Chemist: 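This structure is in structure tokens; I'll ask about it shortly.
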Amino acid sequence: MSEYLANRALPFEQFEMIDAIRRWQGDVLASLGFGPVESSYRFIASGPYWRLRDYGSPCQSRSVLIVAAPIKRAYIWDLIPPVSAIRRCLESGLRVYLLEWLPASEATCGIGIAECARAISVAMQTIGSDESAQKPVLMGHSLGGTLAAIYAASAPEAAGGLILLSAPVCFKEGESLFRDALVSLVPTPVSHATPYPGSVLSQASAAASPVTFVWSRYLDAISCATDSIAMDVHGRIERWALDEVALPGELVSEIVEWLYRENRLYNGMLDLGGRTIGLHDIETPTLAVVNTADLVAPLNSVRPLGEVLGPGKFRIIRYGGERGVCLQHLGVLVGREAHAHVWPQIIDWIKGLESETRVRSQAS
């Protein structure tokens with residue numbers, strides 16, 4: 001597998017067919033009752049490669065902008081009511097928005113990190129036009145969190161807080177087996193001319209860490225055999241994992257080269273539309289949730305940000321993972337233990353930001 005993926009002349013037409021087959025398999029699972037049960041929302045802004053969802057709220061509390069990961073579909077945030085991160089936020093009185101990325105087309109193959117940061121900026125401005133003076137909190141999981149951190153570095157005063165859920169911001173060689181294996185498997189250079197099939201990254205990830213993306217899924221299914229609720233969640237995640245989405249070739253190239261291979265965000269060398277940024281530019285109070293059972297975003301992938309911000313602005317919540325989540329990398333979003341014990345801490349942290357804002361306002 002590794003030699004096949006390392007071949008620079010990837011048969012993209014074949015992977016496009018694999019994408020279609022995997023989506024069909026996912027549709028079959030959905031027809032058997034394993035599709036998502038999402039909350040209602042409306043679109044309030046959009047661009048060629050993104051859309052902004054507004055989930056509404058009965059009260060006007062602080063806004064939270066969720067930046068979805070560009071890989072797979074955004075409904076992992078709202079899979080079913082008992083394990084829905086969006087519902088946890090709504091139930092806590094927060095105003096929830098979600099920025100989702102559209103599947104790449106020939107017209108959007110040139111979209112890269114800078115364009116994603118601009119989309120986040122437009123979303124933040126759109127939210128700000130509707131809300132109070134409180135700055136929205138940015139939240140992202142996996143590469144969605146990485147993109148949120150990049151935006152926070154480019155606009156240090158725009159967000160009231162930054163929440164990183166299993167989201168790496170440092171990609172040092174030798175500190176993550178997944179990172180080291182992935183950069184050796186994904187071909188370089190990545191073509192910018194055509195959409196990048198999602199199944200290429202799925203297979204590369206499985207080859208980079210078979211324990212994470214293959215064997216642990218089987219073991220998780222076995223461990224859930226006597227737990228109907230856990231099996232239901234597991235089946236819905238399997239359906240989500242089959243829902244492949246093509247990515248812009250430019251974005252894949254920059255993620256692999258600039259972030260994973262060259263670690264430009266950590267090194268302060270990330271070019272964002274003519275401006276060079278790095279972790280040292282982030283000033284936003286930050287909460288990071290790290291799943292200690294997750295090999296994709298280990299503690300070392302986020303700890304350097306804490307060294308930049310210091311204990312006054314940075315907090316880490318360690319979460320030990322759990323069964324019934326199919327992939328540990330998704331545990332913080334879909335795990336019952338995470339929703340029982342981690343999400344109350346996340347909500348309390350956000351509300352703590354509100355208290356700090358009120359104190360500063362009164363002082364001024």
Side-chain angles (χ1 to χ4, degrees), residues 26 30 34-44 50-57 62-103 116 119-120 123 127 136-149 151 161-167 198 232-245 287-289 291 294 296-297 317 319 322 324-340 342-347 349-350:
F34 291 105
V37 181
E38 296 186 81
S39 308
S40 60
Y41 59 85
R42 62 191 179 99
F43 293 115
I44 59 172
W50 60 272
R51 292 186 297 196
L52 180 61
R53 299 182 183 185
D54 177 6
Y55 288 85
S57 176
R62 184 185 286 270
S63 296
V64 174
L65 173 59
I66 294 170
V67 181
I71 299 174
K72 310 293 186 185
R73 301 281 184 176
Y75 61 76
I76 193 64
W77 285 88
D78 195 21
L79 196 61
I80 53 173
V83 290
S84 165
I86 285 174
R87 289 175 191 262
R88 294 295 82 74
C89 292
L90 290 173
E91 290 166 359
S92 300
L94 299 171
R95 183 69 180 265
V96 182
Y97 300 85
L98 183 144
L99 181 64
E100 66 171 319
W101 310 105
L102 301 177
C116 290
I120 297 173
I127 294 170
V137 173
L138 269 176
M139 181 187 301
H141 171 263
S142 191
L143 287 175
T146 307
L147 292 174
Y151 170 75
L162 175 65
I163 301 175
L164 304 176
L165 308 177
S166 296
D232 180 65
V233 173
H234 182 104
R236 292 175 193 272
I237 297 170
E238 289 287 3
R239 185 267 183 275
W240 171 86
L242 290 166
D243 209 350
E244 298 288 9
V245 175
L287 173 67
V289 179
N291 184 341
D294 177 23
V296 177
I317 297 175
Y319 153 65
E322 59 188 285
V325 297
C326 189
L327 298 167
Q328 288 300 329
H329 188 52
L330 302 174
V332 68
L333 294 185
V334 296
R336 285 180 290 174
E337 289 296 317
H339 278 268
V342 177
W343 277 95
Q345 296 182 67
I346 295 173
I347 299 300
W349 185 84
I350 295 174

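Keep in mind that the numbers below use all heavy atoms, side chains included, and drop hydrogens, waters and symmetry copies. Note that the structure is predicted; figures quoted are calculated from it, not measured.
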Chemist: Specify the closest pair of heavy atoms between L147 and I120, including all atoms of both residues, with the distance to one decimal.
Modeler: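 Closest approach of L147 to I120, heavy atoms only: O-CD1, 3.7 Å.
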Chemist: Using 0.5 Å steps for rounding, measure from the CD1 atom of I350 to the CG atom of L287.
Modeler: 8.0 Å
Chemist: State, with a plain yes or no, whether a side-chain heavy atom of S39 is found less than 4.5 Å away from one of R87.
Modeler: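 A side-chain contact exists here, since the closest heavy-atom pair is under 4.5 Å.
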Chemist: Please work out whether the ring planes of W77 and W343 are parallel, tilted or perpendicular, with thresholds of 30° and 60°.
Modeler: perpendicular
Chemist: Could you check N291 against S166 for side chain to side chain donor-acceptor pair (under 3.5 Å), going step by step and ending with a plain yes or no?
Modeler: CA-CA 7 Å; N291 184 341; S166 296; 5.5 Å; no
Chemist: Is there a side chain to side chain contact (heavy atoms under 4.5 Å, CB included) between Y151 and V67 once you walk through the steps?
Modeler: CA-CA 10 Å; Y151 170 75; V67 181; over 6 Å; no
Chemist: With a 4.5 Å cut-off on side-chain heavy atoms, are V83 and L333 touching?
Modeler: no
Chemist: At what distance, to the nearest 0.5 angstrom, does OG of S63 lie from CG of L94?
Modeler: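 Here the rounded value is 8.5 Å.
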Chemist: I66 vs L99, test: side chain to side chain contact (heavy atoms under 4.5 Å, CB included). Steps then yes/no.
Modeler: CA-CA 6 Å; I66 294 170; L99 181 64; over 6 Å; no
Chemist: For a quick test of reading the model, state the closest non-hydrogen atom pair linking V233 to L79 and the distance between them.
Modeler: O-CD2, 4.3 Å
Chemist: For residues D78 and Y55, determine if any side-chain heavy atom of one lies less than 4.5 Å from a side-chain heavy atom of the other.
Modeler: yes
Chemist: Looking only at heavy atoms, what is the nearest atom pair of A241 and K72, with distance?
Modeler: O-NZ, 2.7 Å
Chemist: Where is the tightest heavy-atom contact between A119 and W50, given as atom of each residue plus distance?
Modeler: CB-CD1, 3.6 Å
Chemist: Between S84 (side chain) and I80 (backbone), is there a donor-acceptor pair under 3.5 Å?
Modeler: no
Chemist: With rounding to the nearest 0.5 Å, note down the distance linking CZ in R51 to CG in L102.
Modeler: 5.0 Å
Chemist: Ignoring hydrogens, what is the shortest heavy-atom contact between V332 and Y319? Give both atom names and the distance.
Modeler: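 Looking at all heavy atoms of both residues, the closest pair is N-CE2, 3.6 Å.
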Chemist: Flag the pair R95 / V64 as yes when at least one side-chain heavy-atom distance between them is below 4.5 Å, and no otherwise.
Modeler: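 Not touching, per the 4.5 Å side-chain cut-off.
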Chemist: Test your reading of the model: is there a side-chain donor-acceptor pair from E38 to the backbone of Y75, 3.5 Å cut-off?
Modeler: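 No.
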Chemist: Checking the side chain of H141 only, and the main-chain atoms of I76 only, is there a donor and an acceptor separated by less than 3.5 Å?
Modeler: no
Chemist: May I ask you to test the L330-W240 pair for a side-chain heavy-atom distance under 4.5 Å?
Modeler: yes
Chemist: Taking atom CG of L52 and atom CD1 of I44, what is their separation to the nearest 0.5 Å?
Modeler: 4.0 Å
Chemist: So, taking the atom named CH2 in W349 and the one named CD1 in I163, what distance separates them when rounded to the nearest 0.5 Å?
Modeler: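 CD1 of I163 is found 5.0 Å from CH2 of W349.
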Chemist: We want to know whether Q328 and D294 form a side-chain donor-acceptor pair, criterion being a heavy-atom distance below 3.5 angstrom.
Modeler: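 Q328 vs D294: no donor-acceptor pair found between side chains.
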Chemist: Does a side-chain N-to-carboxylate-O contact under 4.0 Å join E244 and R73?
Modeler: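 Result for this pair is no, no salt bridge flagged.
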Chemist: Specify the closest pair of heavy atoms between I237 and C326, including all atoms of both residues, with the distance to one decimal.
Modeler: CG2-CB, 3.6 Å
Chemist: Quick one: side chain to side chain donor-acceptor pair (under 3.5 Å) partners of R236, sequence neighbours excluded?
Modeler: D232
Chemist: Distance to the ring centre below 6.0 angstrom and angle to the axis at most 45 degrees; does that hold for R53 and Y41?
Modeler: yes
Chemist: Do L65 and M139 come within less than 4.5 Å of each other through their side chains, counting heavy atoms only?
Modeler: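 L65 vs M139: side chains apart.
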Chemist: Quick one: does L164's side chain get under 4.5 Å of L162's, heavy atoms only?
Modeler: yes
Chemist: Distance-only, no hydrogens or angles: does the E322 side chain make a donor-acceptor pair with backbone N or O of E337 under 3.5 Å?
Modeler: yes
